[in-house]
Amino acid sequence: MRLSRFFLPTLKETPAEAKIVSHRLMLRAGMIRQESAGIYSWLPLGLRVLKNIETIIRDEQDAAGAQEILMPTIQSADLWRESGRYDDYGKEMLRIEDRHGRDLLYGPTNEEMVTSILRDCIKSYKQLPVNLYHIQWKFRDEVRPRFGIMRCREFLMKDAYSFDLDLEGAKRSYDNMFAAYLRTFARMGLKAVPVRADPGAIGGDMSHEFHILAETGESAIFYDAAYDEMTLDMDNPDVAALQSIYAAEEELHDPEKCPVADDRLKQARGIEVGHIFFFGTKYSAAMGLVVDGPGGERITPEMGSYGIGVSRLPAAIIEASHDENGIIWPDSVAPFAVGLVNLKVSDEACVSQCDDIYDRLRDAGIEALYDDRDERPGAKFADMDLIGLPWQLVVGPRGVAAGTVELKRRAGGEKEELSLDSALEKLTG
RNA sequence: CGGGGUGUAGCGCAGCCUGGUAGCGCACCUGCUUUGGGAGCAGGGGGCCGGAGGUUCAAAUCCUCUCACCCCGACCA
């Protein structure tokens with residue numbers, strides 16, 4: 001993509017309303033625009049990141065055996081009356097009335113709907129277990145949206161729902177998603193700490209939140225230093241070992257009963273990017289989802305649900321990965337792999353070399369953002385650092401004369417003067 | 001939902017107290033000079049001052065109402 005034609009409204013100054021670094025950088029980098037309190041448009045650069053994140057999530061959900069569906073954003077109130085939540089949910093639910101006076105709502109979550117799908121479509125124990133997920137926009141009318149995309153009213157969420165015949169099956173489904181979450185966040189360059197969360201009415205130990213550690217995190221979490229010391233095999237993470245390590249959010253942390261010694265107990269702030277929990281037959285029973293068992297008995301499936309805050313992740317990643325100059329994208333979610341910087345567009349040699357590099361990168365399957373604008377070098381470097389592409393390939397008259405290009409790694413800032421071929425080799429791996 | 005605050009050009013702000021018909025920086029457009037870390041000079045475009053009432057010869061400025069947004073707290077993924 002040529003930057004001269006790419007819709008990238010970067011800002012030199014920080015908008016006044018943005019208080020935390022991810023919000024500031026997302027606005028300055030031209031990723032998002034606020035439309036209303038807690039409601040945002042995603043501009044091309046931001047949307048690319050969001051889609052890369054979605055792709056990783058989708059990959060790992062599919063690999064874990066979950067199947068993608070797509071449920072609507074607008075739901076019928078009748079469905080929620082079946083579970084009793086239409087009255088319980090309160091003002092966070094955005095209620096809508098259609099022209100016929102029927103009550104609708106903008107879905108804050110989808111337990112009722114997915115349960116009704118299963119109720120209508122499966123009859124036999126042979127059709128279980130099943131895990132269905134979708135990636136869809138949700139709306140929760142937060143009292144006070146804040147922190148940009150981190151706590152907004154309209155947000156993109158991946159939510160999966162598992163259905164099993166019994167508790168053992170549900171536990172397998174739960175651990176399966178637990179492992180998938182570890183892989184998912186690891187692929188985004190994030191270290192996610194699974195902390196025990198409030199299991200709600202069901203009880204037990206099957207509710208975990210996944211937190212990214214960051215100073216601006218909204219939750220205080222406490223965890224055993226053993227977590228930092230353990231190395232995980234992502235191909236086959238030891239879920240049981242991980243679940244046995246103490247980690248709890250503030251509300252569940254009782255200093256009197258904490259099993260971890262003081263000098264081993266770590267306190268940190270976390271951004272909640274995932275939440276998984278088991279809730280038994282709460283919805284299946286309320287909504288009459290039953291299947292016939294092998295002996296003709298009626299079985300009410302055990303359910304769990306598994307959320308990831310998709311639209312929150314770009315902000316969480318930025319909180320965890322930035323410096324004073326801007327964003328530092330992990331390779332796996334970067335909007336472009338490489339920023340190709342032509343320092344002097346009035347110089348024919350620079351232009352032809354850049355055009356050539358751009359073609360060769362494209363042929364090698366590498367997406368580059370090619371800064372072909374007639375701007376001064378300083379502005380180009382500043383924008384590149386701001387938007388945080390993992391690599392910067394800089395072509396200027398000096399290098400062209402010497403037969404070299406400069407390759408800079410955004411993360412560490414290391415720069416190398418290389419021949420074009422070795423630079424390309426380094427990028428194409 | 002309680003408390004506090006802010007709305008003036010795309011962004012950041014001044015002007016308001018003390019009414020006289022809108023200004024600065026950045027960005028944008030044109031020209032010239034510049035060109036390896038957000039250039040210089042000159043010229044130019046863009047705002048019914050959040051909205052509605054009111055006071056006044058005259059309102060960005062004073063009064064009333066309203067809407068939006070932000071911050072702190074409580075709540076929540």
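Because the structure is predicted, anything quoted here is derived from the model rather than measured. Letters A, B, ... are given to chains in the order of the sequence lines, protein chains preceding strands, and every chain is numbered from 1.
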Who is the Watson-Crick or G-U wobble partner of [N], with both distances under 3.5 Å?
N: B:rC13; answer: B:rG23
N: B:rC69; answer: B:rG5
N: B:rA60; answer: none
N: B:rC75; answer: none
N: B:rA39; answer: B:rU33
N: B:rU18; answer: none
N: B:rC49; answer: none

Residues [X] and [Y] bridged, charged N to O under 4.0 Å:
X: A:Arg81; Y: A:Asp78; result: yes
X: A:Asp383; Y: A:Lys380; result: no
X: A:Arg146; Y: A:Glu17; result: no
X: A:Arg410; Y: A:Asp331; result: no

Would A:Arg409 pass as a cation-pi partner of A:Trp391, given that its NZ or CZ must be under 6.0 Å from the six-membered ring centre and within 45 degrees of the axis?
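Satisfied, under 6.0 Å and within 45°.
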Does the protein touch nucleotides 27-40 of chain B at the base, only the backbone, or not at all? Give it as B, S and - per nucleotide, heavy atoms under 4.0 Å.
S------BSBBBB-
Could you run through nucleotides 70-76 of chain B and give me one letter per nucleotide, 5' to 3': B if any protein heavy atom sits under 4.0 Å from the base, S if only the sugar-phosphate is that close, - if neither?
SBBBBBB
Considering only atom [atom1], compute the distance from [N] to [M] and round it to an integer number of Å.
N: B:rG5; M: B:rC28; atom1: P; result: 37 Å
N: B:rA60; M: B:rA22; atom1: C1'; result: 8 Å
N: B:rG3; M: B:rC24; atom1: C1'; result: 34 Å
N: B:rG51; M: B:rA9; atom1: P; result: 11 Å
N: B:rG45; M: B:rG2; atom1: P; result: 48 Å
N: B:rU66; M: B:rC1; atom1: P; result: 14 Å
N: B:rA14; M: B:rC57; atom1: P; result: 32 Å
N: B:rC49; M: B:rA39; atom1: P; result: 35 Å

Heavy-atom pair of closest approach, residues A:Cys354 and A:Leu340
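The answer is O-CD2, 3.5 Å.
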A:Met113 to A:Pro72 - nearest heavy-atom pair and separation:
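Taking A:Met113 first and A:Pro72 second, the nearest heavy atoms are SD-CD, 3.4 Å.
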Without decimals, in angstroms, what is the distance between A:Arg24 CZ and B:rG12 C1'?
14 Å
Spacing of A:Glu35 atom CD relative to B:rA68 atom P, expressed in whole Å
16 Å
For the residue pair A:Asn342 and A:Tyr358, confirm or rule out a side-chain donor-acceptor distance under 3.5 Å.
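No, no side-chain donor-acceptor pair sits under 3.5 Å.
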Return the set of residues passing ring pair (Phe, Tyr, Trp, His ring centres under 6.0 Å) with A:Tyr283 (not counting sequence neighbours), or none when no residue passes.
A:Phe279
With a 4.0 Å cut-off on heavy atoms, is A:Cys152 in touch with a base, just the backbone sugar-phosphate, or nothing at all?
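Base contact.
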Could you walk me through whether A:Tyr89 and A:Trp80 pass the ring-ring contact (aromatic ring centres under 6.0 Å, His included) test, one step at a time?
CA-CA 9 Å; A:Tyr89 216 91; A:Trp80 286 65; 5.6 Å; yes
